[in-house]
There are 2 protein chains.
Amino acid sequence: MKMSTKGRYGLRAMIELASHGGETPVPLSVIARSEEISERYLEQLMTKMKKADLITSCRGSTGGYCLARDAADISVGDILRAVEGNLNPVDCSVDSEAACENSGVCVAKYVWQKVNESINQAVDGISLAELVAKIPENEEKQPGAVCACQK
Amino acid sequence: MKMSTKGRYGLRAMIELASHGGETPVPLSVIARSEEISERYLEQLMTKMKKADLITSCRGSTGGYCLARDAADISVGDILRAVEGNLNPVDCSVDSEAACENSGVCVAKYVWQKVNESINQAVDGISLAELVAKIPENEEKQPGAVCACQK
DNA sequence: AAGAAATACTACTAAATCGATAGGATATAA
DNA sequence: TTATATCCTATCGATTTAGTAGTATTTCTT
């Protein structure tokens, strides 16, 4: 039951992005360098977060990524589900397609549903803004601001 | 963030074992057959659960496995941690050895700690006895009883 | 005493997943 | 026109997962 680098990198990248204030797009290279993440790999994660409408992007010179909305309106759950897929520990507990033939009488399923609920509750209860506010020494610039680039 | 077969099989095997009442040891072959799990693979999981003092075993003919204590005193968390290792989604959040050099100022760590707590709380809040009681049609026999074999 | 049935222990292996890397194509500002 | 970005797709080595395999040992039954 480990969180993969997708979730770990994705969260860190979003924290980094949010802490840049949002006035101008932040290039991938900046995020990757300061978080020490492979640029090429992080790019794939950014694509997922863009598809999930958590960030926007601008191409070309002076391009980069921006938060798609206020950091207070982006939860850690939004981020993790965007890059990791759903957070259910066992698919059959939620997805009716993945359910086995014993689904109706399966007692274990009860466990997986409880775990699933508690994980999602935990991550949905933390906003990106909250995390940025925790960064020591006022490293953050304008946590709440949304980037001028709206693409 | 998926639970592996270790956790899934381990839990099912324990439910099956607990539902046998506990008067006589239950052979691995019986559990494996009724849960449709590879006998050889399940054996390795049983070894882990034995090391965690959740079950006892008797060798030889008429041998098998028994719960080491009352099903009410075995939590799902006990079982999952026995077969999966710790349930922390990210090691650095708990294990100080695994902590990175940024551990002191890491904001992401706060997230992983919260998730860790919520997962463990969820699984520790469910007992094996509770699950056996949920089995429909009185398939269970004597949930609370502990096996005569104490080895 | 022999045989059957069970756990105990250790090593190996095929398949899937993870964590990247690679090579371009396309867009945009200076 | 050039430098600097994102976008898209494919590939690939390493690790982990899930399961096999072989053998030893213990215990009950006959």
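Note that the structure is a prediction, hence the values are computed from the model and not measured. In what follows, every heavy atom counts, from backbone to side chain, and hydrogens, waters and symmetry copies are set aside. In what follows, chains carry the letters A, B, and so on, assigned in the order in which the sequence lines appear, proteins first and then strands, with residues in each chain numbered from 1.
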**Student:** May I have all residue pairs that pass salt bridge (Lys or Arg N to Asp or Glu O under 4.0 Å) and include part of residues 71-89 of chain A, sequence neighbours excluded?
**Tutor:**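 Only A:R69-A:D78, A:D78-A:R81, A:R81-A:D124 qualify under salt bridge (Lys or Arg N to Asp or Glu O under 4.0 Å).
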**Student:** With respect to the side chain of A:S57, which nucleotide from D:dA5, C:dT7, D:dC7 is positioned closest?
**Tutor:**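 Looking only at heavy atoms from C-beta outward on A:S57, the closest nucleotide is D:dC7.
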**Student:** Please report, rounded to the nearest Å, how far the C1' atom of D:dT16 is from the NZ atom of B:K6.
**Tutor:**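 After rounding, the gap between these two atoms is 8 Å.
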**Student:** Please check the phosphate of D:dA5 (OP1 and OP2 only) for any side-chain N or O of A:Y65 closer than 4.0 Å.
**Tutor:**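 Answer is no, no contact under 4.0 Å.
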**Student:** Can you run down the salt bridge (Lys or Arg N to Asp or Glu O under 4.0 Å) pairs that involve residues 48-59 of chain B, sequence neighbours left out, and say none if there aren't any?
**Tutor:**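 Output for this query is empty, none listed.
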**Student:** Just by distance, with hydrogens left out, do A:Y9 and A:S38 show a side-chain donor and acceptor under 3.5 Å apart?
**Tutor:**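 Per modelled atom types, A:Y9 and A:S38 side chains form no pair under 3.5 Å.
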**Student:** Is there a donor-acceptor pair closer than 3.5 Å between any side-chain N or O of A:Q113 and the backbone N or O of A:Y110?
**Tutor:**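 No: the side chain of A:Q113 does not pair with the backbone of A:Y110.
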**Student:** Measure from the side-chain N and O atoms of B:R12 to the backbone N and O of A:A108, and report whether any donor-acceptor pair falls under 3.5 Å.
**Tutor:**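 Side chain of B:R12 to backbone of A:A108: no pair is present.
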**Student:** Quick one, give me the B/S/- string for nucleotides 9-14 of chain C, reading 5' to 3', where B means a protein heavy atom under 4.0 Å from the base and S means that only happens at the primed atoms, P, OP1 or OP2.
**Tutor:** B-B---
**Student:** Using heavy atoms to find the nearest nucleotide of DNA chain C for A:T5 and A:T62 separately, return the residue whose nucleotide is more 5′.
**Tutor:**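 Its nucleotide being nearer the 5' end, the pick is A:T5.
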**Student:** From the set C:dT28, D:dT29, D:dA5, return the single nucleotide nearest to any side-chain atom of A:P27.
**Tutor:**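 Of all the options, the side chain of A:P27 is nearest to D:dA5.
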**Student:** Which one, C:dA5, D:dT25, D:dT17, comes nearest to the side chain of B:R59?
**Tutor:**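 Of the options given, the side chain of B:R59 lies nearest D:dT25.
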**Student:** Could you state the CD1-P distance from B:I55 to C:dA6, rounded to the nearest angstrom?
**Tutor:**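 Value for this atom pair: 16 Å.
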**Student:** How long is the line joining CG of B:L28 and P of C:dT7, in whole Å?
**Tutor:**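 So the CG-P distance, B:L28 to C:dT7, works out to 5 Å.
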**Student:** How many Å lie between CE on B:M3 and P on D:dT16, as a whole number?
**Tutor:**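 So the CE-P distance, B:M3 to D:dT16, works out to 18 Å.
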**Student:** Measure CD1/A:I37 against C1'/C:dT21 and give the value in whole Å, please.
**Tutor:**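 The answer, rounded to whole Å, is 16 Å.
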**Student:** Grab the CD-P distance between B:E36 and D:dG19 for me, whole Å please.
**Tutor:**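 Computing the B:E36:CD to D:dG19:P distance gives 12 Å.
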**Student:** A:K48 has an atom NZ; how far is it from atom C1' of D:dC7, in whole Å?
**Tutor:**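 The answer, rounded to whole Å, is 15 Å.
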**Student:** Would you indicate which nucleotide in C:dC18, C:dT28, D:dT20 comes nearest to any side-chain atom of B:Y41?
**Tutor:**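 So the nucleotide nearest the side chain must be D:dT20.
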**Student:** Sub-3.5 Å donor-acceptor pair from the side chain of B:N88 to the main-chain atoms of B:V90, do we have one?
**Tutor:**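 Side chain of B:N88 to backbone of B:V90: no pair is present.
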**Student:** If you define the side chain from C-beta out and look only at heavy atoms, does anything of A:L67 sit under 4.5 Å from A:L17?
**Tutor:**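 A side-chain contact exists here, since the closest heavy-atom pair is under 4.5 Å.
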**Student:** Please determine whether a side-chain nitrogen or oxygen atom of B:K50 lies at a distance below 4.0 Å from atom OP1 or OP2 of C:dA8.
**Tutor:**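 It does, given that an N or O in the side chain of B:K50 lies less than 4.0 Å from OP1 or OP2 of C:dA8.
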**Student:** Hey, which sits more toward the 5' end of DNA chain C by its nearest nucleotide, A:L42 or A:G60?
**Tutor:**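 The residue closer to the strand's 5' end, by nearest nucleotide, is A:L42.
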**Student:** Does A:Y9 place a side-chain N or O at less than 4.0 Å from the phosphate oxygens OP1/OP2 of C:dA20?
**Tutor:**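 Checking C:dA20 against A:Y9, a side-chain N or O does come within under 4.0 Å of OP1 or OP2.
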**Student:** Distance check needed: D:dA5 P versus A:M46 CE, whole Å only.
**Tutor:**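 Rounding to the nearest Å, CE of A:M46 and P of D:dA5 are 14 Å apart.
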